[in-house]
Amino acid sequence: MKELMQGLREASIKAILECESVDELEALRVKYLGKKGELTGILRQMGKLSAEERPIMGQLANKLREDIENALEERKSSLSEKLMEAKLASETIDVTLPGLAHKAGHKHPMYNVLDQIKDIFIGMGFEIVDGPEVELSDYNFTKLNIDAGHPSREWTDTFYFTEDSKICLRTQTSPMQVHAMEKGVLPIRMIAPGRVYRKDEVDATHSPMFHQIEGMVIDKGVTMADLKATLNLVVEKIYGEGTVTRFRPHHFPFTEPSCEMDIQCHKCGGRGCPTCKGEGWIEVLGAGMVHPKVLAGCGIDPDEYSGWAFGMGLERLAMGEYKINDLRLIFENDIRFLEQF
Ligand code: DAH
């Protein structure tokens, strides 16, 4: 029996030292120390030994098991070390190679236009305000004098969150007029740029999300002349001195009177060209004198105070300024497009 154990010791240690993979090593462990392994085989014969011999052989067997286990462990760690070395060698990093530079981005062209507009209004003492995109229909419609049957309230036009149509994604920045007035601090000079949402299909001029800039002034003795003078000044700053404007009568529920402002086409000087679609004029914004009903609804006495407001689309403005012909380019964020600005 002693010889058997000696044989097993020599064979197993040799095999373990020569073993070249972790899987093979595991197979060897099973072969020598497993339940049906060679050591177990030898131990089964203990019964044949005399009472004196048995403890001695038992001790030898335990020692053998321990030595094989140690050999397995040692081989395993040297194998995994080798594995790591091989991995490191195959994945060398040449630290002397030039690095991959991260490109610094820049402001989106539309936000350049927005910044320009903010600067113009800040220069005139206006405040920039921000408000919720998820809005109560009360603010988006009702308090703006938009009646219950108005087509813009339809589920086909507006994104609602609740069955009762009480909460929606704002369809315009005009609810910011109400928020500003309800704060109760007068006079007010503010602009409110932000995202608005409508159920529009995407094409070259439409998107379910776009940006508007709302503007409003409320004070004593404010008239339509202030509206025209201020907006003319803004337009000259954006489109250049001497830009000709016209104010066309229009209808909005929350202003009375209401108008739309056009600028004379800067491309053709009003003769008509592809840029203005032959019209000679380009529509820029909607505006008007804040409706007395809207003022009163926000707790402002229309006999004491008056005001004007406007709303314009930011994408349209940016598209005009940068000669962008497709609205989708503004939102796709294709680097090849954006890098041009
Ligand atoms: N909210 C209007 C729209 O989305 C634009 C507008 C028109 C805003 C007249 C105004 C205004 O403040 O006075 O079509």
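Sequential numbering from 1 along the given sequence is applied to the chain's residues. Reckoned from all heavy atoms, side chains included, excluding hydrogens, waters and symmetry mates. In each ligand, atom 1 is the first atom listed, and ligand 1 is the first ligand listed.
Cation-pi check for Lys143 over Tyr139 is met; the charged atom lies under 6.0 angstrom from the ring centroid and within 45 degrees of its normal.
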N/O donor to acceptor pairs below 3.5 angstrom from side-chain atoms of residues 252-263, sequence neighbours left out:
{"residue": "Thr255", "atom": "OG1", "partner": "Ser258", "partner atom": "OG", "Å": "2.6"}
{"residue": "Ser258", "atom": "OG", "partner": "Phe252", "partner atom": "N", "Å": "3.2"}
{"residue": "Ser258", "atom": "OG", "partner": "Phe252", "partner atom": "O", "Å": "3.4"}
{"residue": "Ser258", "atom": "OG", "partner": "Thr255", "partner atom": "O", "Å": "2.8"}
{"residue": "Glu260", "atom": "OE1", "partner": "Arg248", "partner atom": "NH1", "Å": "3.1"}
{"residue": "Glu260", "atom": "OE1", "partner": "Arg248", "partner atom": "NH2", "Å": "3.1"}
{"residue": "Asp262", "atom": "OD1", "partner": "Arg248", "partner atom": "NH2", "Å": "2.8"}
{"residue": "Asp262", "atom": "OD2", "partner": "Arg246", "partner atom": "NE", "Å": "2.8"}
{"residue": "Asp262", "atom": "OD2", "partner": "Arg246", "partner atom": "NH2", "Å": "3.1"}
{"residue": "Asp262", "atom": "OD2", "partner": "Arg248", "partner atom": "NE", "Å": "2.7"}
{"residue": "Asp262", "atom": "OD2", "partner": "Arg248", "partner atom": "NH2", "Å": "3.3"}

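Ion pairing between a basic and an acidic side chain is recognised when a charged N comes within 4.0 Å of a carboxylate O; Arg75 and Glu20 show such pairing. A salt bridge links Glu26 with Arg29: the closest approach of a Lys/Arg side-chain nitrogen to an acidic carboxylate oxygen falls below 4.0 angstrom.
Listed by first and then second residue, the salt bridge (charged side-chain N to carboxylate O under 4.0 Å, His left out) pairs involving residues 218-230 are Lys220-Glu304 (not counting sequence neighbours).
Annotation: side-chain hydrogen bond (donor to acceptor under 3.5 Å, both in side chains) contacts of Glu315 (sequence neighbours excluded): His211.
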List ligand 1's nitrogen or oxygen atoms that come under 3.5 Å of a protein nitrogen or oxygen, with the partner atom and distance.
{"residue": "ligand 1", "atom": "1 (N)", "partner": "Gln172", "partner atom": "OE1", "Å": "2.7"}
{"residue": "ligand 1", "atom": "1 (N)", "partner": "Ser174", "partner atom": "OG", "Å": "2.9"}
{"residue": "ligand 1", "atom": "4 (O)", "partner": "Arg198", "partner atom": "NH2", "Å": "2.9"}
{"residue": "ligand 1", "atom": "4 (O)", "partner": "Gln212", "partner atom": "NE2", "Å": "2.9"}
{"residue": "ligand 1", "atom": "12 (O)", "partner": "Gln177", "partner atom": "NE2", "Å": "2.9"}
{"residue": "ligand 1", "atom": "12 (O)", "partner": "Glu214", "partner atom": "OE2", "Å": "2.6"}
{"residue": "ligand 1", "atom": "12 (O)", "partner": "Phe310", "partner atom": "N", "Å": "3.4"}
{"residue": "ligand 1", "atom": "12 (O)", "partner": "Phe310", "partner atom": "O", "Å": "3.2"}
{"residue": "ligand 1", "atom": "13 (O)", "partner": "Ala309", "partner atom": "O", "Å": "3.2"}

